[in-house]
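First the structure, in the form of structure tokens, and then the observations on it.
The basis for the numbers below is simple: all heavy atoms, side chains too, and nothing from hydrogens, waters or symmetry mates.
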Amino acid sequence: MANVEALYKELTVEWAKRPPNTARCGQLLDQLKVALVKLAFLPTDGSDAQNSKKQLLLARGVLEVAVEHSVLSKDLLAFERYMAQLKCYYYDYAKIIGESESKYKLLGLNLLYLLSGNRVSDFHTELELLSVDVIQHNQFIRPILALEQYIMEGRYNKIFQAKSTVPAEIYSYFMDLLVETVRDEIGACIEKSYEKISAKDAAKRLNLRVPDEIKAFGEKRQWKLESNGDYSFTDRSVKPKELLPSEELAEQVLSYARDLEMIV
């Protein structure tokens with residue numbers, strides 16, 4: 001246990017640096033994960049959990065750092081894995097080890113992650129675990145709920161504005177992903193709504209201010225750029241002609257008529 005505590009102390013010192021040494025923190029996290037497995041990393045028995053409160057607190061602290069470290073490393077699979085483990089400490093062992101100061105910051109971060117991936121059903125499942133008071137008033141949860149509302153209402157400009165007012169610095173990466181998701185939604189709407197649109201108007205709708213940005217976005221969406229600088233979507237809006245199976249339809253109508261005659 002003493003070795004684990006020493007590693008955790010070194011981790012917290014490294015993590016407190018701004019910016020932190022992510023490589024070193026990663027090495028320490030790897031060592032701590034192995035050590036914590038031996039110290040009942042996720043206790044399943046209530047009495048065991050009560051007797052190992054110190055280990056539970058230490059494990060929760062390690063996982064909280066691991067969650068944020070995975071965001072800085074842009075490792076989404078690791079983020080999901082650590083959040084799944086961390087929620088056990090937030091919900092199942094809260095009466096034993098109390099509430100963490102970072103709880104709602106990281107739960108809000110998880111909500112933003114789900115929203116950025118357009119995982120709306122998972123988003124609402126996580127919301128159901130929170131009290132109404134927390135949803136309505138918590139400084140980390142309420143802004144994320146507002147973002148979801150903007151998306152539902154199609155007020156995408158509010159999403160772009162919110163990028164500069166995230167609840168915590170660690171939210172920035174997922175906020176960037178959300179903005180990209182929203183831009184893709186707007187791009188899909190442009191393709192269906194316009195036969196042609198100027199690059200300037202497209203950039204305005206997508207909240208892109210640099211010409212290279214709209215050019216890159218158009219290339220990603222495989223938009224056709226004409227010589228006059230307009231994007232053309234005529235080839236996307238033309239639907240292939242569908243042949244109506246007239247004989248089959250006629251036979252089906254006659255069959256229905258015979259059936260109705262028999263019923264009458």
Side-chain angles (χ1 to χ4, degrees), residues 8 11-12 15-16 18-20 22 25 29 32 36 41-43 49 53-152 158-159 161-179 181-182:
Y8 179 62
L11 175 65
T12 54
W15 189 248
R18 288 294 175 265
T22 52
C25 287
L29 283 168
L32 280 163
L36 285 170
F41 189 76
L42 286 171
K53 181 177 178 179
K54 194 173 184 180
Q55 288 127 327
L56 286 169
L57 285 168
L58 193 148
R60 185 183 70 184
V62 170
L63 285 170
E64 286 178 336
V65 174
V67 164
E68 295 198 37
H69 179 269
S70 64
V71 176
L72 291 186
S73 304
K74 299 181 180 180
D75 188 341
L76 300 184
L77 290 177
F79 174 82
E80 285 202 35
R81 186 168 61 251
Y82 291 134
M83 272 306 308
Q85 294 170 343
L86 184 57
K87 281 187 288 184
C88 176
Y89 292 88
Y90 285 165
Y91 295 119
D92 298 341
Y93 299 118
K95 291 181 180 179
I96 299 170
I97 58 178
E99 191 169 278
S100 167
E101 291 182 3
S102 300
K103 175 181 177 179
Y104 293 112
K105 181 178 79 170
L106 297 184
L107 290 178
L109 181 66
N110 186 47
L111 287 172
L112 181 56
Y113 165 67
L114 296 173
L115 201 58
S116 70
N118 205 22
R119 293 166 57 179
V120 180
S121 59
D122 291 334
F123 176 88
H124 285 283
T125 298
E126 292 298 320
L127 273 183
E128 289 175 5
L129 298 173
L130 302 173
S131 69
V132 174
D133 183 65
V134 167
I135 291 172
Q136 292 180 344
H137 302 107
N138 186 270
Q139 61 175 322
F140 297 107
I141 306 299
R142 184 165 47 86
I144 310 305
L145 192 63
L147 291 176
E148 194 254 353
Q149 190 68 32
Y150 297 149
I151 292 172
M152 296 294 290
K158 290 287 188 180
I159 303 291
Q161 293 170 10
K163 186 179 176 181
S164 59
T165 58
V166 290
E169 187 180 350
I170 196 67
Y171 284 49
S172 297
Y173 174 56
F174 289 154
M175 195 66 203
D176 288 340
L177 294 183
L178 177 60
V179 166
T181 298
V182 166

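- How far CG of L86 is from CZ of R81: 13.5 Å, rounded to the nearest 0.5 Å.
- Put simply, the side chain of L107 reaches to within 4.5 Å of the side chain of Y91, judged on heavy atoms.
- Expressed to the nearest 0.5 Å, how far NZ of K103 lies from CZ of R60 amounts to 9.5 Å.
- When side chains are defined from C-beta on, Y90 counts as touching E64, because their heavy atoms get closer than 4.5 Å.
- For the residue pair T181 and S116, the shortest heavy atom distance occurs at OG1-O, 2.6 Å.
- Annotation: side chain of I141 is not in contact with side chain of Q136 (no heavy-atom distance under 4.5 Å).
- Of all heavy-atom pairs spanning L178 and L112, the tightest one is CD2-CD1, 4.0 Å.
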query: Can M83 and Y113 be said to form a side-chain contact (heavy atoms from CB on, under 4.5 Å), step by step?
result: CA-CA 11 Å; M83 272 306 308; Y113 165 67; over 6 Å; no
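- N118 CG to L177 CG: the interatomic distance, rounded to the nearest 0.5 Å, is 12.5 Å.
- The backbone N or O of S102 lies less than 3.5 Å from a partner atom in the side chain of S100, making a donor-acceptor pair.
- Of the possible polar contacts, one joining the Y171 side chain to the K105 backbone as a donor-acceptor pair under 3.5 Å is found.
- Side-chain contact check for E148 versus L127: every heavy-atom pair is 4.5 Å or farther apart.
- Of all heavy-atom pairs between I170 and L109, the closest is O-CD1, 3.7 Å.
- Dense packing is recorded around CD of E99, with more than 12 heavy atoms of other residues, nucleotides or ligands lying under 6.0 Å away.
- For the atom pair OH of Y150 and CD of Q161, the computed distance is 8.0 Å after rounding to the nearest 0.5 Å.
- Counting only heavy atoms from C-beta outward, the side chains of V65 and C25 never approach each other to under 4.5 Å.
- Counting all heavy atoms, side chain and backbone alike, I96 lies closest to K53 at O-CE, 3.3 Å.
- With salt bridges taken as basic N to acidic carboxylate O contacts below 4.0 Å, none links D92 and K87.
- The CD1 atom of I144 sits 15.0 Å away from atom OH of Y104, with the distance rounded to the nearest 0.5 Å.
- Between Y82 and E68, the side chains place no donor N or O within less than 3.5 Å of an acceptor N or O (distance only, hydrogens not considered).
- Of all heavy-atom pairs spanning A162 and L147, the tightest one is CB-CD2, 3.6 Å.
- Between the side chain of H69 and the main chain of T22, a donor-acceptor pair closer than 3.5 Å is present.
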message: Apply side-chain contact (heavy atoms from CB on, under 4.5 Å) to residues K163 and D176 and explain how you reach the verdict.
response: CA-CA 7 Å; K163 186 179 176 181; D176 288 340; 2.8 Å; yes
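- From E126, atom CD reaches atom CD of E128 across 9.5 Å, with rounding to the nearest 0.5 Å.
- In this pair, F174 and F79 present their aromatic rings perpendicular. The plane angle is above 60°, beyond the 30 to 60° band.
- Of all the heavy atoms in L130 and L111, the pair that sits closest is CD1-CD1, 4.4 Å.
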